[in-house]
Amino acid sequence: MRLTLGGDWTATVTDGPLRIPPRFDFPGQRVRIAEYADVEEWQRFLTDTFGSQEWLWDDPDEFRFAPDSRHLVATALRLPDESASAEDSARVPAPSEVRPGGLRADEVRDFRQEITTVLCRTPGDTVLTCLRDLGVLDEPLEARIGIAPDVALLVQHGAVVGWSLTDPARYLCAAFAAPDPAPPSPATRRLLTECLDLTTQPLIHEVEDREPGALDRLRALDEALRTQHEDRHRADALLALISTLVEDYADRPPGREPGTRTCPGPVTNPSPPEHPPPRGT
């Protein structure tokens with residue numbers, strides 16, 4: 001099977017999916033499938049691979065390929081800012097057969113892969129499905145390609161139109177840290193749902209507008225994350241973003257606006273910086 005990414009860029013599905021567990025970097029609002037462990041390793045990795053990556057102020061999804069084999073070796077997928085309504089989320093087809101497979105680039109050249117725009121959530125957030133747009137739901141999916149454990153690309157008319165992450169609570173982590181191998185606690189699963197509610201549209205707008213009800217929920221969530229004794233690595237990953245929102249909107253006086261911010265990320269990323277300097281500088 002041949003897939004189209006980035007408009008006119010193509011890759012062929014292989015029999016070799018990535019064996020790397022995904023990292024749900026909640027502070028950075030990304031799902032990473034990669035072996036680099038810090039910013040320096042990431043920068044070196046970008047120079048040694050090709051594909052789709054951020055450039056200056058542009059921040060598309062990343063698909064990185066090895067120049068010699070042209071095989072997919074890493075990806076970083078951004079979580080959309082907007083949550084779909086419950087009615088639209090219910091239209092997402094139940095996960096059918098997933099075909100495990102990697103990708104092999106048909107040619108060695110860079111491309112740009114647009115990020116998805118809408119997040120569809122199952123009850124309890126057992127599966128997060130990120131779509132190019134809601135129009136994808138008007139027609140059947142052609143295939144689900146499992147490129148890594150619990151991560152699948154959604155294919156329609158030969159093009160990648162979205163992706164899904166199953167059991168996102170299991171893979172919660174901060175920045176470049178590895179996820180905890182132990183299963184997530186029930187409390188963590190519940191708190192992840194509350195975090196997703198408050199960090200995506202439409203509720204994030206109520207936080208930014210300092211609606212009293214939204215700020216009360218935000219403070220209660222912050223307190224619940226701080227006082228959770230079990231599953232601390234995952235709780236800390238959630239808290240890194242929530243505590244920043246509390247500082248910027250619940251604790252800051254209305255006359256003092258927070259710094260530049262792109263919804264739903266924090267004003268200042270509590271994790272290590274994620275963007276290398278532009279090439280050539």
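Side-chain atoms of Thr4 never come within 3.5 Å of backbone atoms of Asp8 as a donor-acceptor pair (strictly under, hydrogens ignored). Proximity of a side-chain donor or acceptor of Thr126 to a complementary backbone N or O of Thr122 within less than 3.5 Å is not detected. Looking only at distances, no side-chain donor or acceptor of Arg210 sits under 3.5 Å from a matching main-chain atom of Leu215. Asp110 contributes no side-chain N or O that, together with a main-chain N or O of Phe50, makes up a donor-acceptor pair within less than 3.5 Å. Judged purely by atom type and a 3.5 angstrom limit, Thr14 uses its side chain to pair as donor or acceptor with the backbone of Gly16. Without hydrogens or angle criteria, Arg234 side chain to Arg170 main chain gives a donor-acceptor distance under 3.5 Å. Judged by distance alone, the side chain of Ser83 and the main-chain N or O of Thr200 form no donor-acceptor pair under 3.5 Å. Side chain of Asp38 to backbone of Glu40: a donor-acceptor contact under 3.5 angstrom is found. Panel note: side chain Ser52, backbone Gln113; a donor-acceptor pair is recorded below 3.5 Å.
At a threshold of 4.0 Å, the pair Arg219-Asp216 counts as salt-bridged, since one of the basic side-chain nitrogens sits closer than that to a carboxylate oxygen. A salt bridge does not link Arg64 with Asp48: every distance from a Lys NZ or Arg NE/NH1/NH2 to an Asp or Glu carboxylate oxygen is 4.0 Å or more. Salt-bridge annotation for Glu114 and Arg112: present, with a side-chain N of the basic residue lying under 4.0 Å from a carboxylate O of the acidic one. At a threshold of 4.0 Å, the pair Asp59-Arg30 counts as salt-bridged, since one of the basic side-chain nitrogens sits closer than that to a carboxylate oxygen.
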### Message
Checking Thr117 against Asp133 for the side-chain hydrogen bond (donor to acceptor under 3.5 Å, both in side chains) test, could you report, in this order, the C-alpha distance in whole Å, the side-chain angles of both residues, the deciding distance, and whether it holds?
### Response
CA-CA 6 Å; Thr117 64; Asp133 52 61; 5.9 Å; no
### Task
For the pair Leu241 and Gln29, evaluate side-chain contact (heavy atoms from CB on, under 4.5 Å) and give the outcome as yes or no after the intermediate values.
CA-CA 9 Å; Leu241 177 53; Gln29 297 285 279; 3.7 Å; yes
### Message
The test is side-chain contact (heavy atoms from CB on, under 4.5 Å); show your working for Asp138 and Arg91 and say whether it passes.
### Response
CA-CA 9 Å; Asp138 295 336; Arg91 295 170 56 205; 2.7 Å; yes
### Residue pair His205, Glu211: steps toward the side-chain hydrogen bond (donor to acceptor under 3.5 Å, both in side chains) verdict
CA-CA 9 Å; His205 291 319; Glu211 295 290 340; over 6 Å; no
### Message
Let's go through Asp88 and Cys120 carefully: what are the C-alpha distance in whole Å and the side-chain angles of both, what is the deciding distance for side-chain contact (heavy atoms from CB on, under 4.5 Å) to 0.1 Å, and is it a yes or a no?
### Response
CA-CA 7 Å; Asp88 282 327; Cys120 296; 5.5 Å; no
#### Entry: salt bridge (charged side-chain N to carboxylate O under 4.0 Å, His left out) assessment of Arg78 paired with Asp61
CA-CA 6 Å; Arg78 287 182 57 193; Asp61 282 342; 5.8 Å; no
### Message
I'd like to know whether Glu223 forms a side-chain contact (heavy atoms from CB on, under 4.5 Å) with Thr227, so could you lay out the CA-CA distance, the side-chain angles of the two residues, the decisive distance to 0.1 Å, and finally the verdict.
### Response
CA-CA 6 Å; Glu223 178 65 17; Thr227 57; 3.2 Å; yes
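For Asp15, the CG atom counts as loosely surrounded, since its 6.0 Å shell holds 12 or fewer non-hydrogen atoms of other residues, nucleotides or ligands. Counting non-hydrogen atoms of neighbouring residues, nucleotides and ligands closer than 6.0 angstrom, the NE2 atom of His233 reaches no more than 12 such neighbours. In this structure, Glu230 places its CD atom where more than 12 heavy-atom neighbours from other residues, nucleotides or ligands lie under 6.0 Å away.
Leu131 contributes atom CG, which lies 7.5 Å from atom OG1 of Thr116 (distance to the nearest 0.5 angstrom). Expressed to the nearest 0.5 Å, how far NE2 of His229 lies from CZ of Arg226 amounts to 14.0 Å. With rounding to the nearest 0.5 angstrom, the CG atom of Leu5 is 6.5 Å from the CG atom of Leu103. One distance of note links CG of Leu77 with CD1 of Ile147; it measures 6.0 Å at 0.5 Å rounding. To the nearest 0.5 Å, atom CG of residue Leu198 and atom CG of residue Asp222 are 11.0 Å apart. Atoms CD and CG, on Glu142 and Leu3 in that order, are 8.0 Å from each other to the nearest 0.5 Å.
A pairwise comparison of heavy atoms in Thr199 and Ile204 identifies C-CB, 4.0 Å as the closest pair. Nearest heavy-atom pair across Leu72 and Phe65 is N-CD2, 3.3 Å. Summarising the geometry of Thr49 relative to Phe45, their closest heavy-atom pair is OG1-O, 2.9 Å, with the distance given to 0.1 Å. Pairing each heavy atom of Ala37 with each of Phe176, the nearest pair is O-CB, 3.2 Å. Contact between Met1 and Ala143 at its shortest, heavy atoms only, is CE-CB, 4.0 Å. Taking both residues in full, the closest heavy atoms of Gln156 and Val136 are given as NE2-O, 3.0 Å, listed atom of the first, atom of the second, then distance.
Here ring-ring contact (aromatic ring centres under 6.0 Å, His included) pairs that include residues 104-153, with residues two or more places apart or in two chains, are Trp9-Phe111. Within the structure, side chain to side chain donor-acceptor pair (under 3.5 Å) pairs that include any residue of residues 178-189 comprise Asp167-Arg189, Ser185-Thr188, Thr188-Gln228, Thr188-Asp231 (at least two apart or interchain). The ring-ring contact (aromatic ring centres under 6.0 Å, His included) pairs that include a residue from residues 72-109 number zero, where partners must be two or more places apart or lie in different chains.
Residues passing the salt bridge (Lys or Arg N to Asp or Glu O under 4.0 Å) test with Glu107, sequence neighbours excluded: Arg109. Under the side chain to side chain donor-acceptor pair (under 3.5 Å) criterion, Arg2 pairs with Asp106, not counting sequence neighbours. The side-chain contact (heavy atoms from CB on, under 4.5 Å) check on Ser164 picks up Val127, Thr129, Arg144, Ala152, Leu154, with sequence neighbours excluded.
Side-chain atoms of Leu192 and Leu238, non-hydrogen and from C-beta on, do get closer than 4.5 Å to each other. Counting heavy atoms from C-beta outward, Leu221 and Cys195 have side chains that approach closer than 4.5 Å. Side-chain atoms of Phe26 and Leu239, non-hydrogen and from C-beta on, never get closer than 4.5 Å to each other. Proximity of Trp163 to Thr75: side-chain heavy atoms (C-beta onward) are nowhere separated by under 4.5 Å. Between Val31 and Asp25, the closest side-chain pair of non-hydrogen atoms is not below 4.5 Å.
Leu225 and Phe24 fall within the same hydrophobic cluster, defined by Ile, Leu, Val, Met, Phe, Trp and Tyr side-chain heavy atoms under 4.5 Å apart, directly or through other members. Val155 and Ile33 end up in the same hydrophobic cluster when Ile, Leu, Val, Met, Phe, Trp and Tyr side chains are linked at under 4.5 Å. Side-chain heavy atoms closer than 4.5 Å link hydrophobic residues (I, L, V, M, F, W, Y) into clusters, and following such links, possibly through other members, connects Leu141 to Leu137. Tracing side-chain contacts under 4.5 Å through hydrophobic residues (I, L, V, M, F, W, Y), one reaches Leu203 starting from Ile242; they form part of the same cluster. Both Ile20 and Tyr171 are part of a single hydrophobic cluster, where members link through side-chain heavy atoms under 4.5 Å apart.
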